[in-house]
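In the text below, chain A, chain B and the rest are named by the order of the sequence lines, each starting its count at 1.
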2 protein chains.
Amino acid sequence: MSTASLPLPAPAAPRRARGRPPKTADERDDGNRRQALLRAAARLFRQQGFAATSTRDIAAAAGMRSGSPFYHFDSKEALLAAVMQEGMQSALRRQTAAMAAAASAQPLSARDCLQVLVRNHYEVLLGPDSDFIPVMLYEWRSLSEAQRSEVNHQKADYEAAWVPVLQALHASGELSGDPGLARLMLFGALNWSVQWYDPARQASLDDLTQTTLQLFLKDPVAPKGARTATRRSEVLE
Amino acid sequence: MSTASLPLPAPAAPRRARGRPPKTADERDDGNRRQALLRAAARLFRQQGFAATSTRDIAAAAGMRSGSPFYHFDSKEALLAAVMQEGMQSALRRQTAAMAAAASAQPLSARDCLQVLVRNHYEVLLGPDSDFIPVMLYEWRSLSEAQRSEVNHQKADYEAAWVPVLQALHASGELSGDPGLARLMLFGALNWSVQWYDPARQASLDDLTQTTLQLFLKDPVAPKGARTATRRSEVLE
DNA sequence: CCTACCGATCGGTAGG
DNA sequence: CCTACCGATCGGTAGG
């Protein structure tokens with residue numbers, strides 16, 4: 001059933017707020033402060049952990065006074081949940097976009113798919129604005145049971161794109177071992193990178209992606225009758 | 001130089017404490033309470049995180065009053081550092097013993113060595129009394145700079161046993177990619193298991209070990225002139 | 001979103 | 001190792 005026939009209020013065009021104090025009211029100030037809180041919280045939660053970060057720290061980092069975060073969020077815990085949900089939403093959006101973009105350029109093998117997924121995951125973990133997902137990964141415990149389940153759904157959506165790819169690679173012999181366990185270990189290897197990766201010293205995310213695939217994937221089994229000696233790029237090492 | 005000639009006090013035989021209150025004074029009570037604190041702290045730090053655990057929680061779990069932990073440790077932070085150092089000491093001891101035991105039974109290939117190391121690491125992460133190392137892995141941030149360096153030395157000792165093994169496997173073609181990055185990713189895959197492993201539902205640690213090796217290692221390249229078809233245990237999958 | 005504030009909890013200590 | 005306690009900080013709120 002369409003909702004078009006329901007007596008909806010006029011689509012809330014951003015009209016000038018009436019009861020607002022005449023402060024410096026930017027036109028695009030609406031969700032601006034909330035966003036500033038989320039970004040500050042993500043950064044501090046990642047650096048110091050949830051429990052070690054005070055709402056006062058977050059307020060100060062967003063240029064507010066101590067009580068103001070509670071105008072935007074019901075509790076410190078709700079702020080954490082929002083960081084995680086915002087992060088997962090963005091990560092899933094980027095993953096979908098990356099897959100679509102790569103697939104539109106050329107047909108993708110399972111190996112190609114995994115490369116896109118891994119590369120995007122590194123971007124989400126280590127690239128710009130990459131505080132949200134590490135917080136989700138490492139501050140899990142601090143979430144209430146109820147909030148955890150929504151984040152779990154988002155995680156399931158995110159991982160759903162990986163499952164058929166890993167299964168195909170297992171079927172072709174390029175990935176050994178149970179695909180479910182393989183997925184957990186692959187995510188372990190990737191997610192652990194937030195503990196050691198240093199963009200100043202280490203390889204680029206492209207290089208990381210290459211090494212990861214090299215490490216986890218076997219050479220494709222040559223179809224019967226084909227030459228056995230496939231490209232072996234390690235002769236120089 | 002031997003210390004035998006120094007005027008040492010008589011070797012402190014456990015004599016009855018004189019000024020002690022006549023409580024329930026077990027004979028072997030000496031380091032007992034300290035150990036109880038360490039174990040309680042390890043468990044709570046793992047479950048709730050360092051910052052979310054109060055010294056009162058720890059004291060209660062060890063059957064003490066709120067101020068008593070500070071008789072054994074200078075600060076909450078020192079207690080955390082002791083948990084990590086105790087954990088690393090034990091892990092390193094077990095790793096050395098596992099390698100020695102396996103090597104005494106038969107000569108070990110690099111592959112065998114990795115199996116022993118991985119199996120022992122799973123034991124340290126997921127086996128009985130396995131709270132200490134996860135705390136070290138995931139509460140790193142809460143340590144002061146000074147304490148961090150000692151734990152780092154212990155970590156370096158622990159990882160030192162892995163380096164030549166991974167290099168040998170890389171040299172033989174059984175491990176692809178830079179061995180340094182491979183080590184980081186392997187540890188990532190292993191260390192991440194504390195986030196998902198459930199002994200009730202999941203495979204045994206032996207099975208985990210098998211899958212891990214299968215996932216990370218290529219089939220050994222047959223020496224020139226040998227039959228190409230080596231054991232392939234996956235024909236049934 | 002700020003001001004002013006509250007009750008609770010926390011790490012740590014003195015003194016025995 | 002306990003009792004009793006302190007100063008500091010914390011999450012959160014009322015009222016504007």
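Ranking C:dC1, D:dG11, C:dG12 by closeness to the A:F70 side chain, first place goes to D:dG11. Here D:dC2 is the nucleotide among D:dC2, C:dC1, C:dC2 with the atom lying nearest to any side-chain atom of B:R65.
Counted within 6.0 Å of CZ on B:R65, heavy atoms from surrounding residues, nucleotides or ligands total 12 or fewer; the atom is thus considered open. Counting non-hydrogen atoms of neighbouring residues, nucleotides and ligands closer than 6.0 angstrom, the CZ atom of B:R148 exceeds 12 such neighbours. In this structure, B:D198 places its CG atom where more than 12 heavy-atom neighbours from other residues, nucleotides or ligands lie under 6.0 Å away.
The residues B:K76 and B:E139 are annotated as not salt-bridged, no charged nitrogen and carboxylate oxygen being separated by less than 4.0 angstrom. Note on A:D131 versus A:R39: no salt bridge recorded, every NZ/NE/NH1/NH2 to OD/OE distance being 4.0 Å or above.
Among all heavy-atom pairs drawn from A:S193 and A:Y122, the shortest one is OG-CE2, 3.8 Å. When all heavy atoms are compared, the tightest approach of A:A91 to A:I133 is CB-CD1, 3.9 Å.
Atom CG in A:L79 sits roughly 10 Å away from atom P in D:dG12 (whole-Å rounding). Rounded to an integer number of Å, the gap from NZ of B:K76 to P of C:dT13 is 15 Å. Distance B:F73 CZ to C:dG11 P: 15 Å, rounded to the nearest Å. To the nearest angstrom, P of C:dG12 lies 14 Å from CG of B:L37.
When the salt bridge (charged side-chain N to carboxylate O under 4.0 Å, His left out) test is applied to B:E86, no partner is found at least two apart in sequence or on another chain.
Take the nearest nucleotide of DNA chain C for B:S75 and for B:Y71: the residue whose nucleotide is more 5' is B:S75.
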Base-pair map of DNA chain D as dot-bracket, where | denotes pairing with a different strand and pairs are Watson-Crick or G-U under 3.5 Å: ||||||||||||||||
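Of the residues in residues 41-60 of chain A, A:T53, A:S54, A:T55, A:R56 come within less than 4.0 Å of DNA chain D through at least one heavy atom, sorted by number.
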